[in-house]
Amino acid sequence: PEHYHDDIESVYIPHGVIMNRTERLAHYIMNDFQDDNIMVLCVLKGGYKFCADLVEFIKILGRNSNKYLETRVEFIRLKSYLVGSNDQSTEDLHIIGCQDLSFLRGKSVLIVEAIVDTGKTMKALLKHVETFEPKMVKVAGLLVKRVPNMAESLTDYVGFEIPNRFVVGYALDYNEYFRDLNHICVISRTGKMKYKI
Ligand code: PRP
Ligand code: MG
Ligand code: MN
């Protein structure tokens with residue numbers, strides 16, 4: 001949207017490219033899950049657009065190939081940047097709602113996340129999910145940061161590997177702004193930054 005112009009340095013991944021890649025990932029996912037129904041666990045808020053589009057592609061591909069996979073979508077809201085005083089708290093997963101994931105028991109689970117950055121959020125979530133004894137767990141991450149970390153090995157389906165830049169759009173936020181952008185963009189360092197706290 002126009003009101004963001006001063007704050008966006010460049011479009012990083014155009015919406016169309018995101019869609020093409022998401023369709024590709026949907027294809028891989030369908031091959032791996034075979035005849036299992038998919039229990040999708042969408043990580044809010046960042047994951048909502050990617051999740052919606054991914055599930056849509058799974059449906060369309062299933063329809064076109066007569067290999068329809070049933071998807072059930074559940075949501076979990078996580079916060080990675082904790083307002084904790086001690087170091088310990090930063091290792092904790094901050095779950096807002098939906099702590100009881102017992103509906104995952106025995107299911108084939110696909111966690112859908114917008115970005116795996118340091119991997120802290122995903123690592124903690126995987127640990128939490130495993131306690132409910134699902135049949136299998138796979139992770140789809142639209143973006144994975146190319147920084148020295150274990151992020152890559154946490155993510156089974158990687159949309160794009162990106163360098164360590166702060167990106168927004170397609171449900172990714174900066175102080176809750178920019179989620180409504182369709183493209184993934186890099187925010188300007190020189191802009192007015194009127195969205196800063
Ligand atoms: C962001 C992002 C991931 C997480 C990645 O979420 O959507 O969930 O941080 O960071 P990490 O790999 O370093 O743990 P955020 O906490 O900003 O919540 P939001 O999705 O509601 O914006
Ligand atoms: Mg998030
Ligand atoms: Mn955020």
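Please read all numbers here as calculations on a predicted model, not as lab measurements. One-based numbering, in listed order, for ligands and for the atoms of each.
A donor-acceptor pair is defined here as one N or O able to donate and one able to accept, closer than 3.5 Å; such a pair exists between the side chain of Arg21 and the backbone of Gly159.
Taking a cut-off of under 4.0 Å to the non-hydrogen atoms of Lys120, the atoms of ligand 1 that pass are 12 (O), 14 (O). For ligand 1 and Thr118, the ligand atoms under 4.0 Å from any heavy atom of the residue are 11 (P), 12 (O), 13 (O), 14 (O). Which parts of ligand 1 touch Leu78 is read off a 4.0 Å heavy-atom cut-off, strictly below it: atoms 18 (O).
Between Ile18 and Asn182, the shortest heavy-atom contact is CD1-O, 3.9 Å. Nearest approach of Val40 to Cys51, heavy atoms of both residues: CG1-SG, 3.7 Å.
The nearest non-hydrogen atom to atom 7 (O) of ligand 1, considering only Lys123, Arg77, Glu113, comes from Glu113.
Asp173 contributes atom OD1 as its closest N/O/S atom to the Mn ion (ligand 3).
Here Arg24 pairs with nothing under the salt bridge (Lys or Arg N to Asp or Glu O under 4.0 Å) rule; sequence neighbours left out. Legend: residues meeting ring pair (Phe, Tyr, Trp, His ring centres under 6.0 Å) with Tyr28, ordered by chain and number and at least two apart, are absent.
Of all the heavy atoms of Asp173, the ones lying under 4.0 Å from any atom of ligand 1 belong exclusively to the side chain. In Glu176, neither the side chain nor the backbone holds a heavy atom less than 4.0 Å from any atom of ligand 1.
Using a 4.5 Å cut-off on side-chain heavy atoms (C-beta onward), Arg72 and Ile38 make no contact.
Residue Met122 has no N or O atom closer than 3.5 Å to an N or O atom of ligand 1. Taking any N or O of Gly46, backbone or side chain, at least one lies under 3.5 Å from an N or O belonging to ligand 1.
In this structure, Lys145 falls outside the shell of residues with a heavy atom less than 4.0 angstrom from ligand 1.
Counting only N and O atoms by type, the side chains of Tyr177 and Asp7 include no donor and acceptor under 3.5 Å apart.
Taking backbone and side chain together, Glu176 holds no N, O or S atom under 2.8 Å from the Mn ion (ligand 3).
Taking the six-membered ring where the residue is Trp, the centroids of Phe50 and Tyr170 are separated by 6.0 Å or more.
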